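Predicted model only: the values in this text are computed from it and were never measured.
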Amino acid sequence: MSQLKKLAGQTAVYGISSILGKVINFFLIPIYTAYLPKEDVGAFTNIYAAIAFLNIIFTYGMETSYFRFSTGKGLDPNRVFSNVQSLILTTSLSLGALLFLSADYIANLMDYPGQGYLFQWVALILTIDAVLAIPFAKLRAENRALTFALVKLFNIGLNVGFNLLLIVFSYHVFTGDLLPQLQPVVAKYYSPDKGIEYILLANLLANALVVPLMLFIIGRFRLRFEKEILQPMWHYAVPLLFMGLAGVTNEVFSRLLFEYVLPDDLYPHLSPREAGGIFGATFKLAIFMNLIIQAFKFAAEPFFFNQSQDKNSPALFAKVMHWFVIFCTTLMIAVAVNLNWIGPMILRGEGYMIALDIVPVLLVGYLFLGIYYNLSIWFKLTDQTKYSFYITMLGAIITVLVIVLAVPVLGFMGGALSTLACYLSMTVVCYYFGQKYYPIPYQTGRDLTYVVAAIILSYAGFYLSFENFILTFLAQNSFILLFLVMVALLEKKELYLIVKNLKK
């Protein structure tokens with residue numbers, strides 16, 4: 001129980017920073033949809049999907065490799081950090097320079113002619129992100145969760161502040177609605193026909209200002225390239241690189257490819273990039289599930305490694321999975337049944353509600369992603385990371401196939417189904433091999449019962465509607481209470497022990 005308390009405490013700290021930070025960022029979506037044309041929202045969706053993909057290449061699995069070799073191999077953690085940071089610094093500067101010099105070619109390839117400067121900024125953002133990745137991992141490995149959280153929130157606060165300055169404040173000054181005396185100054189840098197430029201510039205400035213802060217917190221490190229450390233770390237990380245690439249393919253390729261595979265006539269009133277903007281903005285409504293999963297992942301990865309030597313760890317891992325499923329299925333129902341008022345509150349522009357029905361599908365997909373993160377610990381602890389490549393490549397293939405085949409026919413729903421199909425297949429395969437090579441006594445039957453019940457209640461609540469809003473709200477949210485009653489009945493013995501322990 002003490003280990004679970006520790007995990008829960010760290011998840012709470014990471015969760016506060018991740019949830020609060022991403023919720024703050026999430027509320028940029030109403031700004032983008034209200035102040036920017038759908039074309040720019042589409043460019044935001046498209047370019048940031050590419051950034052997510054390239055981020056994996058810039059760090060190539062070294063964060064997880066750092067955790068493994070700094071905690072479970074009997075090596076000096078500071079020595080491991082110096083080697084990994086030296087390697088990442090060298091490779092990120094090299095890759096960043098290559099991307100910077102190729103910016104014009106990439107802009108033409110992605111249908112942004114004459115806007116090569118956008119991808120020069122992208123190169124700088126990616127380089128800074130990569131250089132900071134291992135220092136942030138070091139904070140997690142050292143259980144400095146509060147410091148990690150505060151720095152992340154500082155970065156997000158800067159990003160939001162610059163967005164508000166460049167997009168909202170500048171717009172109102174430029175149009176004369178606010179502080180007209182500043183209009184000549186703002187007119188020198190602000191143009192109403194720009195949007196993605198300000199989003200990227202805000203991100204770049206925010207990231208750059210975090211670099212000196214992290215240098216102060218982490219301190220100096222010695223440039224070291226020791227073959228006996230880096231070579232086994234590289235062998236451990238390479239399969240994770242492909243796992244990361246496949247994983248991010250599953251996560252963002254639907255948004256990256258959407259506008260390129262969508263037929264021009266499927267949504268006659270929208271261009272493919274405008275439709276991509278609607279798809280990407282609506283996709284963000286699944287953030288509530290994704291936030292919990294990411295917060296859990298931050299805390300769970302070092303936790304699992306640190307507990308791996310305990311003979312009771314399999315039972316502990318099974319209990320973590322069980323309560324994770326209960327929590328996430330409850331959250332899934334809560335979001336799905338309230339989409340009728342959450343959606344219009346977040347997606348402020350006209351025409352965004354046409355894709356709202358994809359959100360329950362995305363919530364189920366993210367639920368399986370969280371289950372997969374729990375299951376995947378087996379190949380990390382047994383150093384059989386090659387299986388991560390096989391499993392995630394399967395997911396990537398399924399993702400691309402569903403996008404190419406389903407989006408031209410089903411549009412927005414086809415993109416959402418690619419996420420669900422991918423994570424479901426990865427979860428099933430990972431469970432099969434995990435039980436074969438590293439058996440963990442998961443409560444599979446009961447966990448599946450919760451998942452199936454949550455899916456049924458989520459869809460029932462989403463489609464339930466009355467003419468009266470209050471009546472609809474109460475009826476929809478009654479599905480949450482129904483699910484919690486089911487949990488209480490099935491988990492009464494465990495809940496009794498938890499309450500008893502909390503009283504002590």
Side-chain angles (χ1 to χ4, degrees), residues 43-44 46-66 80-138 151 155 158-159 162 194 196-216 218-227 229-231 233-235 237-238 240-249 252-253 256:
F44 162 70
N46 183 248
I47 290 176
Y48 271 84
I51 287 175
F53 188 84
L54 291 170
N55 257 324
I56 303 299
I57 296 175
F58 271 67
T59 53
Y60 48 90
M62 278 295 171
E63 288 174 275
T64 302
S65 187
Y66 166 73
V80 174
F81 172 77
S82 292
N83 275 272
V84 177
Q85 184 64 8
S86 300
L87 183 63
I88 287 285
L89 181 64
T90 303
T91 55
S92 60
L93 289 175
S94 301
L95 290 171
L98 179 63
L99 183 58
F100 190 94
L101 296 173
S102 306
D104 289 333
Y105 172 77
I106 295 171
N108 290 326
L109 184 67
M110 294 186 66
D111 197 23
Y112 294 88
Q115 295 180 287
Y117 59 90
L118 294 178
F119 295 92
Q120 290 177 339
W121 295 351
V122 167
L124 295 174
I125 290 170
L126 286 165
T127 301
I128 295 172
D129 279 345
V131 169
L132 293 177
I134 304 303
F136 275 120
K138 188 173 191 289
V151 176
N155 177 237
L158 288 173
N159 185 42
F162 284 127
K194 296 184 184 296
I196 183 61
E197 287 87 349
Y198 299 132
I199 296 173
L200 287 171
L201 184 58
N203 191 343
L204 177 57
L205 292 173
N207 283 14
L209 290 174
V210 170
V211 173
L213 176 61
M214 284 298 287
L215 289 175
F216 173 77
I218 297 298
R220 296 181 179 180
F221 71 96
R222 179 182 172 187
L223 282 172
R224 305 178 74 161
F225 298 92
E226 298 174 89
K227 184 178 179 181
I229 290 181
L230 291 178
Q231 188 174 53
M233 291 187 71
W234 173 257
H235 289 309
V238 167
L240 295 177
L241 164 62
F242 290 104
M243 182 184 76
L245 288 175
V248 82
T249 296
V252 303
F253 250 46
L256 179 62

With rounding to the nearest 0.5 Å, note down the distance linking [atom1] in [X] to [atom2] in [Y].
X: N155; Y: D129; atom1: CG; atom2: CG; answer: 8.0 Å
X: L132; Y: L215; atom1: CG; atom2: CG; answer: 8.0 Å
X: L205; Y: L158; atom1: CG; atom2: CG; answer: 9.0 Å
X: L126; Y: F100; atom1: CG; atom2: CZ; answer: 13.0 Å
X: L124; Y: N207; atom1: CG; atom2: CG; answer: 10.5 Å
X: L118; Y: L200; atom1: CG; atom2: CG; answer: 6.0 Å

Looking at every non-hydrogen atom in both residues, tell me the closest pair between [X] and [Y] and how far apart they are.
X: R224; Y: S82; answer: CD-CB, 3.8 Å
X: G114; Y: N108; answer: N-OD1, 4.2 Å
X: L223; Y: S86; answer: CA-OG, 3.2 Å
X: I88; Y: A130; answer: CG2-O, 3.2 Å
X: T90; Y: F225; answer: OG1-CZ, 3.5 Å
X: A237; Y: S65; answer: CB-CB, 4.0 Å

* Between S92 and L89, is there a donor-acceptor pair closer than 3.5 Å when you use the side chain of the first and the backbone of the second? ->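 It does hold such a pair.
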* Asked: Hey, is the main chain of D104 close enough, under 3.5 Å, to the side chain of Q120 for a donor-acceptor pair?
  ->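 Not a single qualifying donor-acceptor pair exists.
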Taking the side chain as every heavy atom from C-beta outward, state whether [X] and [Y] have any atom pair closer than 4.5 Å.
X: I128; Y: L204; value: yes
X: F162; Y: L209; value: yes
X: M233; Y: V80; value: yes
X: W121; Y: N203; value: no
X: M62; Y: L241; value: no
X: Y60; Y: L87; value: yes

* Asked: Do the ring planes of F119 and Y112 sit parallel (below 30°), tilted (30 to 60°) or perpendicular (above 60°)?
  ->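 Perpendicular.
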* What is the ring orientation for F44 with Y48, classed by angle as parallel under 30°, tilted 30 to 60°, or perpendicular over 60°? ->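 Geometry flag for Y48 against F44: tilted rings.
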* **Polar contact flag, side-chain donor to acceptor under 3.5 angstrom, E197-Y117** =>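 There is such a pair between these side chains.
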* When you look at OH of Y105, are more than 12 heavy atoms from neighbouring residues, nucleotides or ligands closer to it than 6.0 Å? ->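 Open: at most 12 neighbouring heavy atoms sit under 6.0 Å from OH of Y105.
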* Apply the test side chain to side chain contact (heavy atoms under 4.5 Å, CB included) to residues L54 and L99: give CA-CA distance (whole Å), side-chain angles for both, the deciding distance (0.1 Å), then the verdict. => CA-CA 10 Å; L54 291 170; L99 183 58; 4.3 Å; yes
* **Residue pair I47, I196: steps toward the side chain to side chain contact (heavy atoms under 4.5 Å, CB included) verdict** => CA-CA 9 Å; I47 290 176; I196 183 61; 3.9 Å; yes
